[in-house]
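Here is the structure we will look at, set down as structure tokens.
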Amino acid sequence: MQAQQYQQQRQKFAAVFLAFIFILAAVDNAEAGKKEKPEKKVKKSDCGEWQWSVCVPTSGDCGLGTREGTRTGAECKQTMKTQRCKIPCNWKKQFGAECKYQFQAWGECDLNTALKTRTGSLKRALHNAECQKTVTISKPCGKLTKPKPQEKRKWRDKSGNRLKRR
């Protein structure tokens, strides 16, 4: 009886082994049958770099807009294109919407001109914009405050009762 069971186990093992060999052969043939794709040829383009115009807002002086891009080259398929852009509304537009500056604190008020000034250094220039390295802005001082004369103080303790002067 044990001999018969042993024989059946050997037959099962042989069947599994042959199936495994068959699967390996089928996979190997499938891979061999595939044609290797030639690598894509890298085209060396004689097209120049894109040169972008400044962002022109659709309406107003900030917000969404468009910019034009151009490039040169004998075999360029595309030499012009339009790109969407955005001009942040909180940037100092007097220095160009493409230029972002880091400003110092406002200086003291110049009593001769009634203006206070501050200097900004270039933080970022978008799309190769030509920006000044440093800029100076000024604004009116606003209301000039005169020092108030000291008022008579009413001396009180923590509970609000008046204290006597010495």
Side-chain angles (χ1 to χ4, degrees), residues 27-166:
V27 168
D28 190 41
N29 284 341
E31 286 181 6
K34 288 183 183 177
K35 293 180 182 176
E36 288 187 28
K37 293 181 182 178
E39 291 184 28
K40 291 183 179 179
K41 293 180 182 176
V42 178
K43 286 188 177 181
K44 289 189 176 180
S45 175
D46 66 341
C47 296
E49 293 286 320
W50 285 101
Q51 300 295 319
W52 295 99
S53 67
V54 296
C55 186
V56 178
T58 306
S59 63
D61 59 355
C62 62
L64 296 175
T66 57
R67 72 168 33 96
E68 299 290 324
T70 58
R71 67 178 176 178
T72 57
E75 296 181 19
C76 287
K77 291 182 181 177
Q78 187 177 16
T79 56
M80 288 185 66
K81 67 180 174 180
T82 303
Q83 185 182 64
R84 290 183 187 171
C85 58
K86 183 178 180 183
I87 298 174
C89 292
N90 62 345
W91 283 20
K92 304 290 182 205
K93 295 167 202 72
Q94 70 191 72
F95 307 118
E98 308 284 327
C99 307
K100 176 77 172 169
Y101 294 92
Q102 179 73 45
F103 285 93
Q104 299 171 347
W106 287 103
E108 294 294 320
C109 183
D110 182 353
L111 297 176
N112 296 330
T113 61
L115 295 173
K116 54 184 173 180
T117 60
R118 68 178 177 171
T119 304
S121 56
L122 184 63
K123 185 177 179 182
R124 180 175 33 185
L126 296 178
H127 300 284
N128 302 324
E130 292 181 19
C131 302
Q132 299 174 43
K133 296 288 181 195
T134 58
V135 293
T136 303
I137 58 173
S138 51
K139 72 176 185 178
C141 295
K143 294 180 181 177
L144 294 176
T145 56
K146 295 179 182 175
K148 295 181 180 178
Q150 286 190 350
E151 296 177 11
K152 292 181 182 176
R153 292 187 181 174
K154 296 180 181 174
W155 298 82
R156 298 188 183 266
D157 63 8
K158 290 181 182 180
S159 59
N161 299 324
R162 276 193 181 176
L163 297 174
K164 293 182 181 181
R165 290 179 119 181
R166 293 185 194 169

Can you see which heavy atom on [X] is nearest to which on [Y], and at what distance?
| X | Y | value |
| --- | --- | --- |
| K81 | W52 | CE-CH2, 3.7 Å |
| D110 | C141 | N-SG, 4.2 Å |
| L115 | S138 | CD1-OG, 4.2 Å |

Nearest 0.5 Å, please: how far is [atom2] in [Y] from [atom1] in [X]?
| X | Y | atom1 | atom2 | answer |
| --- | --- | --- | --- | --- |
| R67 | C55 | CZ | SG | 5.0 Å |
| E108 | T117 | CD | OG1 | 10.5 Å |
| R124 | K100 | CZ | NZ | 7.0 Å |
| K86 | L64 | NZ | CG | 6.5 Å |

Under the side-chain contact (heavy atoms from CB on, under 4.5 Å) criterion, do I137 and R118 qualify, and how do the steps go?
-> CA-CA 6 Å; I137 58 173; R118 68 178 177 171; 3.8 Å; yes
If only atom types and distance count, is the side chain of T66 paired as donor or acceptor with the main-chain N or O of T82 below 3.5 Å?
-> no
Are the side chains of Q83 and W50 in touch, meaning some heavy atoms are under 4.5 Å apart?
-> no
Contact check, side chains of R71 and E49, non-hydrogen atoms, under 4.5 Å = no
How would you list, by chain and number, every residue that makes a side chain to side chain contact (heavy atoms under 4.5 Å, CB included) with C131, sequence neighbours excluded?
->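 In terms of side chain to side chain contact (heavy atoms under 4.5 Å, CB included), with neighbours along the sequence ignored, C131 is linked to C99, Y101, L122, A125, A129.
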